[in-house]
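Reckoned from all heavy atoms, side chains included, excluding hydrogens, waters and symmetry mates. The structure displayed is predicted, hence computed values, not measured ones.
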Amino acid sequence: MSPAINRLLLAGIRRRCRLLSTSSAPYPLSSSQLPRGKRWDAVVIGGGHNGLAAAAYLARAGRSVAVLERRGVLGGAAVSDSGLVPGFRFSRCSYLLSLLRPALIRELELERHGLKLLPRSPSSFTPCLDGRYLLLGPDAELNRSEIGKFSKKDAEAYPRYEEQLEKFCKLMDFVIDSPTPELRQLYHASMVDRMRDKVDKSVFWSKLLGIVMQQGQKDMVNFFDLLLSPASKILNNWFEGDVLKATLATDAVIGTMAGVNTPGSGYVLLHHIMGETGGQRGVWAYVEGGMGSVSSAISKAALEAGVQIVTNAEVSQVTVDKTTGKVQGVALADGTELHSSVVLSNATPYKTFVDLVPANTLPEEFLCAIKTADYSSATTKINVAVDSLPQFHCCKNINPEGGPEHMGTIHIGSESMEEIDIAYKEATGGVSSTRPVIEMTIPSVLDKTISPPGQHVINLFVQYTPYKLSEGNWQDSTVRRSFAERCFSLIDEYAPGFSSSVIGYDMLTPPDLEREFGLTGGNIFHGAMGLDSLFLMRPAKGWSDYRTPVEGLYLCGSGAHPGGGVMGAPGRNAASVVMDDLKTR
């Protein structure tokens with residue numbers, strides 16, 4: 001390590017120690033406790049995990065940063081809630097971790113700040129009504145044995161399938177961890193800055209080309225086939241067994257208003273397996289204490305770096321100088337104003353540009369792109385407290401304390417891709433699926449901190465539930481109860497008696513996700529993850545590098561590259577862009 005880097009690290013450590021020893025500010029702050037008249041180096045709208053990550057990186061670079069969270073709790077969709085059913089702690093929205101960038105975990109020292117991951121093995125269980133079942137996980141021999149029960153050919157093909165996807169993931173790692181090489185003209189930059197920007201873009205493309213060349217032509221053809229094709233085509237080309245294909249296909253549609261036959265759904269399949277846990281690719285983990293522990297660890301890193309975090313602080317407007325068109329700061333709903341020439345928004349693109357930026361500020365073409373983007377959602381999350389584990393009739397052994405079938409994601413109603421397609425087509429007509437596609441997880445099997453002894457927390461991630469129903473609406477308690485009971489009854493078909501084990505539940509439909517968590521349309525990714533909404537096209541063509549048409553305003557949430565999921569990459573990348581811009585001011 002060079003002496004210069006050593007000096008920077010030591011300076012950062014001394015600064016953090018000084019902050020910890022001299023700061024007496026309570027956490028979290030209220031807006032009334034913020035210093036009046038202070039000019040911040042940066043203000044972050046939204047205390048979700050990306051906003052907190054961006055704030056932590058900026059503060060570690062020596063910048064003064066304030067984070068403003070509308071709700072009374074930090075984390076956005078990565079949050080734990082213990083007030084829904086007494087004695088139980090739910091991960092209300094997001095519920096598994098794998099995509100969180102290893103560099104972010106390492107650089108922000110999240111394990112030191114309390115992050116503890118609980119890897120799952122086996123990681124997947126698909127019960128069948130005919131008495132069969134499929135277990136999958138990181139154990140290659142288990143996979144071969146389990147898949148072989150359905151197809152010897154598929155058992156031989158599966159390792160090659162995994163190997164190919166892992167190659168693609170290595171390519172995606174570089175893209176995910178880098179700001180996009182946006183080619184927009186820098187009208188106000190100096191000649192030197194323009195030259196440096198061109199060099200940076202050239203470096204990106206040369207590195208990417210090097211990675212592509214390592215892949216080989218055949219692999220790259222297969223990569224583009226995956227990006228452009230429906231998941232059904234990809235899986236049909238690889239496998240013959242319905243249960244295996246359906247199990248894998250759920251990763252291609254989860255969280256989207258898309259079906260297995262939707263072009264481009266193959267990319268979402270890749271998006272959900274490109275993460276890792278403990279260096280093991282594609283392994284998803286529970287987080288001890290729930291997903292709020294992720295946000296808690298990042299917030300501790302931010303606080304240690306000197307970030308001021310304010311809750312119950314709803315931003316009503318981004319303030320912009322009418323003459324220069326530059327950001328001046330933000331105004332809160334209670335009238336408080338914070339002054340800064342840099343504002344990062346962790347809100348959705350729609351919320352940021354339509355609701356928070358003053359009218360007649362943005363170019364019409366840009367605003368039109370934001371308004372017409374796809375924010376549709378088909379996702380409902382049901383958090384359930386039960387007095388016993390579900391016992392699946394396809395498993396001969398009763399496991400009251402938890403068996404292999406309880407460890408990972410349990411796929412209900414997904415025995416064939418045709419079933420998934422039928423459920424999707426019903427939703428396109430405004431009807432919630434008759435037989436919903438359900439991903440069930442039971443984190444309390446591994447995490448003993450979230451439920452009373454002998455009782456359990458169950459997450460149900462359910463599709464498809466359209467935002468607007470053709471008949472009735474989600475505010476009607478009868479409609480809500482009917483759908484929840486439909487899901488429980490479907491689970492009863494596989495695990496008799498499940499419904500009678502339910503102590504209580506909390507249900508979040510797309511309108512609930514929008515209202516409570518600010519997710520436009522209830523979309524958990526801050527916008528669709530189709531090929532027309534990724535990379536250089538996210539959130540809009542010409543504005544993929546976290547900068548916006550308003551000078552000083554940046555996007556740092558999932559609506560920016562590389563997209564949704566609890567990964568922290570948008571926040572980390574946006575912070576690096578902001579730091580580069582601040583150097584030139």
Requested in this report: List the steps, then state whether salt bridge (charged side-chain N to carboxylate O under 4.0 Å, His left out) holds for E276 with R101.
Outcome: CA-CA 8 Å; E276 61 182 69; R101 305 312 296 158; over 6 Å; no
Report task. Please step through salt bridge (charged side-chain N to carboxylate O under 4.0 Å, His left out) for the pair D512 and R515, ending with a clear verdict. Result -> CA-CA 5 Å; D512 299 324; R515 182 182 64 256; 2.9 Å; yes
Requested in this report: Show the numbers, then the answer: is there a salt bridge (charged side-chain N to carboxylate O under 4.0 Å, His left out) between D447 and K116?
Outcome: CA-CA 10 Å; D447 183 359; K116 183 177 180 180; over 6 Å; no
Requested in this report: Would you sort out whether R132 and E415 count as a salt bridge (charged side-chain N to carboxylate O under 4.0 Å, His left out), showing the intermediate values?
Outcome: CA-CA 10 Å; R132 298 180 300 169; E415 295 187 43; 5.9 Å; no
Requested in this report: Kindly determine whether S501 and D387 satisfy side chain to side chain donor-acceptor pair (under 3.5 Å), including the steps that lead there.
Outcome: CA-CA 5 Å; S501 72; D387 61 18; 4.6 Å; no
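Side-chain atoms of N573 come within 3.5 Å of backbone atoms of I176 as a donor-acceptor pair (strictly under, hydrogens ignored). A donor-acceptor contact shorter than 3.5 Å links the side chain of Y546 to the backbone of H561. N459 contributes no side-chain N or O that, together with a main-chain N or O of N383, makes up a donor-acceptor pair within less than 3.5 Å. Formation of a donor-acceptor pair under 3.5 Å by the S265 side chain with backbone atoms of A231 is found in this model. A donor-acceptor pair is defined here as one N or O able to donate and one able to accept, closer than 3.5 Å; no such pair exists between the side chain of K381 and the backbone of P510. No donor-acceptor distance shorter than 3.5 angstrom exists from the side chain of H456 to the backbone of V386, with no hydrogens or angles considered. Of the possible polar contacts, one joining the S299 side chain to the S296 backbone as a donor-acceptor pair under 3.5 Å is found.
Between the side chains of T247 and T126, at least one donor N or O lies within less than 3.5 Å of an accepting N or O. For the residue pair S433/R486, the side-chain donor-acceptor check at 3.5 Å is not satisfied. In this model, no donor atom of one side chain and acceptor atom of the other lie less than 3.5 Å apart for Y375 and E514. Side-chain contact check for S31 and D334: at least one donor-acceptor pair (N or O, by modelled atom type) lies under 3.5 Å. At a cut-off of 3.5 Å, with distance as the only test, no side-chain donor of T277 or Q280 sits close to an acceptor on the other residue. Using modelled atom types and a 3.5 Å distance limit, the side chains of S388 and Q455 yield no donor-acceptor pair.
Among all heavy-atom pairs drawn from G289 and R89, the shortest one is O-NE, 2.9 Å. The shortest non-hydrogen separation linking P390 to I458 is CD-CD1, 4.0 Å. Listed here is the closest heavy atom pair of T256 and T379: N-OG1, 4.5 Å.
With contacts defined as side-chain heavy-atom distances shorter than 4.5 Å, the pair S30/N312 does not qualify. Put simply, the side chain of T380 does not reach to within 4.5 Å of the side chain of Y464, judged on heavy atoms. Using a 4.5 Å heavy-atom threshold, the side chains of P436 and L490 count as touching. Counting heavy atoms from C-beta outward, P570 and P562 have side chains that approach closer than 4.5 Å. Here the side chains of V67 and V310 are not in contact, with every heavy-atom distance at 4.5 Å or above. Residues F392 and H406 have side chains in contact (heavy-atom distance under 4.5 Å, counting atoms from C-beta outward). Residues E314 and L332 have side chains not in contact (no heavy-atom distance under 4.5 Å, counting atoms from C-beta outward). A 4.5 Å side-chain heavy-atom check between V43 and L344 finds every atom pair outside the cut-off.
Applying the ring-ring contact (aromatic ring centres under 6.0 Å, His included) criterion to Y57, with sequence neighbours excluded, gives no partner residue. A search for side-chain contact (heavy atoms from CB on, under 4.5 Å) contacts involving E516 returns R92, L508, not counting sequence neighbours. Every residue was checked against the side-chain hydrogen bond (donor to acceptor under 3.5 Å, both in side chains) condition with S489, not counting sequence neighbours, and none meets it. Residues satisfying the side-chain contact (heavy atoms from CB on, under 4.5 Å) criterion with S482, sequence neighbours excluded, are absent altogether. Every residue meeting the side-chain hydrogen bond (donor to acceptor under 3.5 Å, both in side chains) condition with D492, not counting sequence neighbours, appears here in chain and number order: S499. Scored by the side-chain contact (heavy atoms from CB on, under 4.5 Å) test, T250 finds H411, S414, I420, V437, E439 as partners (sequence neighbours excluded). Remark: S416 engages D242, E418, E419 in a side-chain contact (heavy atoms from CB on, under 4.5 Å) (not counting sequence neighbours). With sequence neighbours left out, E405 forms a side-chain hydrogen bond (donor to acceptor under 3.5 Å, both in side chains) with N399.
Contacts classified as salt bridge (charged side-chain N to carboxylate O under 4.0 Å, His left out) and involving residues 555-573 (residues at least two apart or in different chains) are given here: E107-R572. Legend: side-chain hydrogen bond (donor to acceptor under 3.5 Å, both in side chains) pairs involving residues 67-82, not counting sequence neighbours: none detected. Among pairs with a residue in residues 484-522, those fulfilling ring pair (Phe, Tyr, Trp, His ring centres under 6.0 Å) read F488-F498, F488-Y505, at least two apart in sequence or across chains. Identified under the ring pair (Phe, Tyr, Trp, His ring centres under 6.0 Å) test for residues 92-118, with sequence neighbours left out: Y95-F461.
Here the CZ atom belonging to R538 is positioned 6.5 Å from the OG atom belonging to S533, to the nearest 0.5 angstrom. Atom CG of D139 sits about 11.5 Å away from atom CZ of R144, to the nearest 0.5 Å. Between I438 atom CD1 and L460 atom CG the span is 6.0 Å, to the nearest 0.5 Å. Here R120 contributes atom CZ and I442 contributes atom CD1; the two are 10.5 Å apart, rounded to the nearest 0.5 Å.
Between F483 and W474, the ring center distance clears the sub-6.0 Å criterion.
Around NZ of K149, the count of heavy atoms belonging to other residues, nucleotides or ligands within 6.0 Å exceeds 12.
Below 30°, between 30° and 60°, or above 60°: for F125 and Y133 the angle between ring planes is between 30° and 60°, a tilted geometry.
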